[in-house]
Amino acid sequence: MQILYFASIREQIGKSEETISKPDDVETVADLVAHLRSFSEDHHNALESMMFVRIAVNQVHAQADHPVSDTDEIAFFPPVTGG
Amino acid sequence: MQILYFASIREQIGKSEETISKPDDVETVADLVAHLRSFSEDHHNALESMMFVRIAVNQVHAQADHPVSDTDEIAFFPPVTGG
Amino acid sequence: MQPQISVQLDDFDIGNEINQLKVDKHDIGAVVSFVGTVRDLADGLTSMTLEHYPAMTEAELARIAKEAKERWPLEGCRIIHRFGELFPGDNIVLVITASAHRQAAFDAANFIMDFLKTNAPFWKKETTSRGAKWVDANDADDKALERWQK
Amino acid sequence: MQPQISVQLDDFDIGNEINQLKVDKHDIGAVVSFVGTVRDLADGLTSMTLEHYPAMTEAELARIAKEAKERWPLEGCRIIHRFGELFPGDNIVLVITASAHRQAAFDAANFIMDFLKTNAPFWKKETTSRGAKWVDANDADDKALERWQK
């Protein structure tokens, strides 16, 4: 699966994307976040507060209980500030 | 006093303005309208329905009970349709 | 901030007008504009003539803009209303409001248009192949005013 | 009517955009536009950088425009959002809505901006003499959405 990071989350993690294989026990975005937090202290810190992290699955806004598959593009970003 | 007519009321009366002397018993716009109606059949018809006629006294919207003086500019016109 | 009012025969350029409103202003984050145009309806409108009450028109538009300025924190306000003979697609009226806040700009422009529609002394006469006819006032315009009552 | 969406580095010309929206349209009586610009605040903003999520941005703006089109009778709808480095006074976003009816045009533009502010994947980073800082999201923007709930 393709993981994308934007804005302050991208800066905290230090990369804009990474490709990972979905572990069998990762079924939802929430599971995926728990998995990603184990990658590094930066991942842990950037994805710690899910009140702050917004999610898109395949370019559509999603909630933490959204299911994920190995072919998905999952993006994590802070609340948007365009306009 | 200076009397002005606009739009359909101007066309019905056949003139855009006329200068008249205020009769002593004309104290309000309503009195003035009654006076003007006596000028001609066209005046009578144009000013017959006060539901339809709008009034400005010295370039400010006014109601029929607004007092009038001999130095006023009184305008009569249909509901506005600009914008 | 002094609202800028024009009543004119000539057309206007909305981009120019917005740029002029922004000159020397630093706290504009939102600019809302309304353009009213001559509709080319099914009955074959050939032209529209706008009559107005010159001595009153600018004063009435200024009064409406002043009321908007008292209700919302505006950094700029521009009203242009044309008169004379206009054709389908032509511009009739332009209202621009500028503010630090987008909702203030939206509400002020909306308010100005509602009051302009019922208070500014303009009258439209439409000419079609069947002749010329004064446009009737719209009851909905009176209704639109009610929501702004304080 | 197909909403026209652009996400671009370049600036836009609001007059041009309105004219293009009117081509071959006959029933437009009202055009409302919103322009969002970079404010030059007291703390000495030198520039603002807009990051976005390219694969998602246009699709999200199109989804918002489609929702507006389903709610109001629109004859035209145009959204342009810039990204990259911008400076005080620069244009950021343009929304244009055209309709036969002025209130539909006002409400649709207002609705699109409220949804864009909370849903379109853009992030602003402000640079001042003291460094660069991501702009915090505004709670008021979430509140603004509530009034559009059906």
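To find a chain, count down the sequence lines: A is the first, B the second, and so on, and within it residues start at 1.
Both the backbone and the side chain of C:Ala100 come within contact range of chain D, judged by heavy atoms closer than 4.5 Å. For chain C, no part of D:Ala140 is nearby; none of its heavy atoms comes within less than 4.5 Å. Of the two parts of C:Ala105, neither the backbone nor the side chain holds a non-hydrogen atom closer than 4.5 Å to a non-hydrogen atom of chain D. With a 4.5 Å cut-off on non-hydrogen atoms, D:Gln103 touches chain C through its side chain but not through its backbone. For a residue to count as touching a neighbouring chain, one of its non-hydrogen atoms must lie under 4.5 Å from one of that chain's; by this rule C:Asp13 does not touch chain D. Using a 4.5 Å cut-off between heavy atoms, C:Asp114 contacts chain D through both its backbone and its side chain. No part of C:Ile92 comes within reach of chain D, as not one of its non-hydrogen atoms sits under 4.5 angstrom from that chain.
In terms of heavy-atom pairs under 4.5 angstrom with chain D, the leader among C:Met113, C:Arg102, C:Lys117 is C:Arg102. By number of non-hydrogen pairs under 4.5 angstrom with chain C, the leading residue of D:Ile14, D:Val35, D:Ile18, D:Asn110 is D:Asn110. Interface summary for chain C: among D:Glu17, D:Arg39, D:Lys22, the most heavy-atom pairs under 4.5 angstrom belong to D:Arg39. For the set D:Pro88, D:Ala109, D:Gly15, the entry with the most heavy-atom pairs within less than 4.5 Å of chain C is D:Ala109.
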- [ ] May I have the step-by-step check of ring-ring contact (aromatic ring centres under 6.0 Å, His included) for C:Phe106 and D:Phe34, ending in yes or no?
- [x] CA-CA 8 Å; C:Phe106 269 117; D:Phe34 176 90; 5.4 Å; yes
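Between the C:Thr37 side chain and the D:Ile28 main chain, a donor and an acceptor come within less than 3.5 Å of each other.
With respect to C:Lys25 and D:Asp40, no salt bridge is recorded, no charged nitrogen being found less than 4.0 Å from a carboxylate O.
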